[in-house]
Amino acid sequence: MDDGARVTLTDVNDPNYFHKVVDCQWACPAHTPGPEYIRLIADGRYSDAYMINWKSNVFPGILGRTCDRPCEPACRRGRVEKEPVAICRLKRVAADYKDDIRDRLPGKGPSNGKRVALVGAGPASLTVARDLLPLGYEVVIYDGDNRAGGMIRSQIPKFRLPESVIDEEVNYILDMGAVTRLGQRVDSMEELLKENYDAIFVGCGAPRGRDLDVPGRQEAAANIHIGIDWLSSVSFGHITKIGKRVIVLGGGNTAMDCCRSSRRLGGESVTVVVRSGFEEMKASPWEKEDAMHEDIPILNYHVPKRVEHDNGKLKGMWFEKVKVELDEKGRRNLVPTGEPDVLIECDDVLVAIGQENAFPWIERDAGIDFDRWGLPIIGEKTLQASLPNVFFGGDAAFGPKNIIWAVAHGHDAAISIDKYCQSLDVADRPPPLFNLVSQKMGIHEWSYDNEVSNDLRYRVPLREKALALKDIKMEVELGFDPVLAFQEAERCLNCDIETVFAPKLCIECDACVDICPVDCITFTAPGDEEDLRTRLMAPAPNLTQDLYISDGLKTGRYMVKDEDVCLHCGMCAERCPTGAWDMQKFFLEMAHADAGHACHR
Amino acid sequence: MTYLTKPKLHHPSLQPNQLGFTRRDYEGAISTLCAGCGHDSISAALIQACYQLDLPPHRIAKLSGIGCSSKTPTYFLGASHGFNSVHGRMPSVLTGANLANRDLIYLGVSGDGDSASIGLGQFAHLMRRGVNMLYIVENNGVYGLTKGQFSATSDCGSKSKKGVANTDEAIDMAAMALQLGATFVARSFSGDKTQLVPLIEAALSHRGTAFIDCISPCVAFNNHMGSTKSFDYVREHNEAVNFLDVITPRAEITTEYSEGAVQEVTQHDGSILRLRKLAGDYDVNDRIAAMRFLAEHAAEGEIVTGLLYVDPDAEDMHLHIKTVPTPLKDLNETALCPGSAALHKLNASLR
Ligand SMILES: Cc1cc2nc3c(=O)[nH]c(=O)nc-3n(C[C@H](O)[C@H](O)[C@H](O)COP(=O)(O)OP(=O)(O)OC[C@H]3O[C@@H](n4cnc5c(N)ncnc54)[C@H](O)[C@@H]3O)c2cc1C
Ligand SMILES: Cc1ncc(C[n+]2csc(CCOP(=O)(O)OP(=O)(O)O)c2C)c(N)n1
Ligand code: SF4
Ligand code: SF4
Ligand code: SF4
Ligand SMILES: [Mg+2]
């Protein structure tokens, strides 16, 4: 029929196929079932929404305020209108409005006699603890700081993330029965190995802030601070003020937190200066927006040259103006514009130009191999080091990332540790659990709200700027209230309610083709994918999105559905006279070490 | 039927036409017909054709009779004029409208019951007069709206849903239209938009009466084994005589065909109908041959589709009756009532 053309017919039994359609879940490192919790929020079932999150990402209240939200740039809504669903801030709604959920959390399981040490009490380690405790492991958490939370507590400013939220979610885990050794730095891996733990998890983060090497740096050191060190001193209350004029060097999220914190500690004229362009900055667009909203200008294409000081008293900083030039290989290079250097006067400089890993406490002959960048050599999924009872995760594993990646690593490491402790093959990863269930309730009734909202993205209400800038502990974002939350939740397109096609039932009447508001569906002569993409109802240039290709039709044609901009409105299924289209809910849960133990009530 | 309206969100690459309208702008209210009805596909084809021809929606008038088919004008061209007339009376109402305002584009939508039973007389006389319009019959072989009784186009021997065979002879509306003088006659199938959309475009650019008999399966009452108007039956017995490309006066001509395989017809508005021949030497300008071809193939149980006949030099009713170029509705009182002197003069000339 198709003359041997290479055609990949869609295999809907492969969990990856429908998982990919749920753009936000696919993009989330922990694969949080986004639409499922968003629907629960719309339904006012905040506690249930919270538990879905808690199982996947462990820190819904924290992440609902701070997540780097890789799901949002991926969100389907952003491809059919201007902006994605506020997936992250809806998560916060679940945390804000839930009831007391403590009785739904798992407890420590009966002892299995195994002991595991976790180095660092950041999100990666806490996730490992959360997954291993219900299985009966004795989990011992070490941290040099006196309080658990890692950089969530030491770095992220309280105006973004109140202490009470950290306490609540960190304690859910510690209260499960973790043994904590807080204020106790691990100074030697060899010593730790001697304590005969069955496994060791290294979740010590990427603790070293990169310094600036320009003339005058050392002389004026009293007023030049490393961003992350300065932020932790602010967090722990050791630093409470800063000069009136502040320069923040760097364009990542540390820089954004430094400049906004400065505004709250006496900084009146705070300027962020970056070497490259505004667009190239590492900070997320919303972080830049937040900074600019607080009257912080961002100066781009300025490279720091030297410190201006008067006998060690900081006066300002000189910058060279640069522009982008592409070399013959098309690479971007920053070259001087030739304009005179610029002096920016200031009282303090915060250096936030990057973070590095450092493992001074791991002896290089302890049996753990490191690569030439100083990162441990570990299995990509297993996170297992060359010393088989040692595992890495979070920022310590592959360099600085973010909380949600630390959580994803934590889940993976817990699986590895559990397998390792049972002498099972660590490389054999458990598949995710998924199911697909029809949502049909009546001829035109679905168990989900299939009406597509036309609303544009709702803004999270903010505290009045003058008030917010007065107190560094005052949370800036007020969060969605239930009404706003409902309206925003309604914008979600329910990408997990999948269109499932049964070719045997199809009479090729074209009704689905005619009704589809976004021209997803085409019945056409067979061909391979590349060829099919050129002759669909609407162009299908987005190669990151699959085509659903089905044969088995009476005329020998193919049904081809471009998943790219499907609204999951169910119109095709409502119009189908034979039920060849059905809307089925795809629910996928990643396998966790404690699957079957956690929140099964 | 669907309770929700169609979502406003559309494909990001949806293109506006010359008038700045997207295809979605030519839609109407959401259809309340049965899911899968062939009539809905015809509505989609009409939308596509009007969008592609850059027709201004407010210059189109849709008129219909009674039936599921006649309900469909609600479901397309929501910004156009509409008149849902009495059963079988669309032709007379449309003729009247056309007489009063010759400037609109007229689209008559009817069913096989509406046009071949109660409205057969009206249908016949409209064809004879050459009213400038597209007359489309959404032909499902049954009275869909009244729950599936055989209509006059149902083939003799075709079985009802309960298995009872029709014993009456069928009316072939395309053959009748040819015989009665329509200057553009086509047959198509709701399940084949690649054929139907260009036919509608050609018909809308035709001056004179253009008739399309469009077979349109009724999923509720006439899509079973034994029916000769089901999706399966029509697909199996479809005998297309040609494949049509419509090249509007503005469009560039890009594709090339080998000689002999193509017949080109230029209509009075400058549009070129390029016909790729599928059935031997079928000539779309030969009315008598067309009638013979239809009769022969009908006898063999085949359903002939495609552009069956076109007279590119066709005239329309206004030419025949010599009306002024200005639409009558735009004439003022003095032009319409020239006074008693003019009346006396006229009377005198007739004495
Ligand atoms: C200023 C700033 C703002 C950030 N904002 C965000 C944000 O908004 N959203 C986001 O997702 N991510 C953010 N991040 C990144 C995020 O904080 C980290 O990616 C995440 O905390 C990493 O988690 P982790 O578990 O790997 O380690 P960490 O959170 O770094 O925790 C490591 C812990 O290990 C302890 N430790 C280190 N060495 C030892 C030792 N030898 N013995 C005992 N304890 C030790 C440390 O004291 C620390 O508590 C931010 C980072 C910074 C610097
Ligand atoms: C004067 C009159 N007679 C009878 C009817 C009942 N009636 C309504 S629709 C219809 C037949 C419609 O058949 P068709 O035109 O084929 O439309 P379909 O529903 O099949 O599309 C009849 C007989 C009527 N509405 N008015
Ligand atoms: S529309 Fe909803 S389900 Fe789809 S990607 Fe966005 S948040 Fe996720
Ligand atoms: S659910 Fe069906 S009708 Fe709706 S956008 Fe997707 S394919 Fe089109
Ligand atoms: S509406 Fe149903 S039967 Fe008709 S073409 Fe679509 S899938 Fe097939
Ligand atoms: Mg009918």
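A note on names: the letters A, B, ... follow the listed sequences, proteins ahead of strands, and every chain is numbered from 1.
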### Task
Take B/Asp232 and A/Ile507, measure what side chain to side chain contact (heavy atoms under 4.5 Å, CB included) needs, and give me the verdict at the end.
CA-CA 8 Å; B/Asp232 288 349; A/Ile507 57 169; 5.8 Å; no
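- In this structure, chain B has a heavy atom under 4.5 Å from the side chain of A/Glu81, while its backbone stays farther away.
- Applying a 4.5 Å heavy-atom cutoff, none of the residues of residues 487-501 of chain A approach chain B.
- Side-chain contact between B/Asp40 and A/Asp510 is absent, with no heavy atoms from C-beta onward closer than 4.5 Å.
- For chain A, the nearby parts of B/Pro7 are the backbone and the side chain; heavy atoms of each come within less than 4.5 Å.
- Only the backbone of A/Cys516 has a heavy atom closer than 4.5 Å to any heavy atom of chain B.
- The parts of B/Ser41 that come within reach of chain A are both its backbone and its side chain, each placing non-hydrogen atoms under 4.5 angstrom from that chain.
- Side-chain contact between B/Leu4 and A/Met571 is present, with at least one heavy-atom pair separated by less than 4.5 Å.
- If you tally non-hydrogen atom pairs under 4.5 Å between each of A/Pro541, A/Pro539, A/Cys512, A/Pro577 and chain B, the highest count goes to A/Pro577.
- For the set A/Leu567, A/Asn454, A/Asn450, A/Val80, the entry with the most heavy-atom pairs within less than 4.5 Å of chain B is A/Asn454.
- Residues of residues 14-23 of chain B lying under 4.5 angstrom from chain A, judged on non-hydrogen atoms, are B/Leu14, B/Arg23 in numerical order.
- For A/Cys576, the part sitting under 4.5 Å from any heavy atom of chain B is the backbone (N, CA, C, O) and nothing else.
- Applying the side chain to side chain donor-acceptor pair (under 3.5 Å) test to B/Ser64 and every residue at least two apart in sequence or in another chain returns B/Asn84.
- Taking a 6.0 Å sphere around NZ of A/Lys440, one finds it holds more than 12 heavy atoms contributed by other residues, nucleotides or ligands.
- Interatomic distance, NE2 of B/His11 versus CG of A/Asp562, reported as 6.0 Å (0.5 Å rounding).
- Within the 3.5 Å criterion, the main-chain N or O of A/Pro517 finds a donor-acceptor partner in the side chain of B/Arg24.
- Using a 4.5 Å cut-off on side-chain heavy atoms (C-beta onward), A/Lys554 and B/Arg235 make no contact.
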Pair up each side-chain donor or acceptor in residues 69-76 of chain A with any protein partner under 3.5 Å, not counting sequence neighbours, and list the distances.
from	atom 1	to	atom 2	distance (Å)
A/Arg69	NH1	A/Glu72	OE1	3.4
A/Glu72	OE1	A/Arg457	NH1	3.0
A/Glu72	OE1	A/Arg457	NH2	3.1
A/Glu72	OE2	A/Ile87	N	3.1
A/Glu72	OE2	A/Cys88	N	3.0
A/Arg76	NE	A/Asp23	OD2	3.2
A/Arg76	NH1	A/Glu563	O	2.7
A/Arg76	NH1	A/Asp564	O	3.4
A/Arg76	NH1	A/Cys566	O	3.1
A/Arg76	NH2	A/Val21	O	2.8
A/Arg76	NH2	A/Asp23	OD2	3.1

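- Neither the backbone nor the side chain of A/Thr578 comes within less than 4.5 Å of any heavy atom of chain B.
- Between atom CG of residue A/Asp514 and atom SG of residue B/Cys37 there is a gap of 10.5 Å, rounded to the nearest 0.5 Å.
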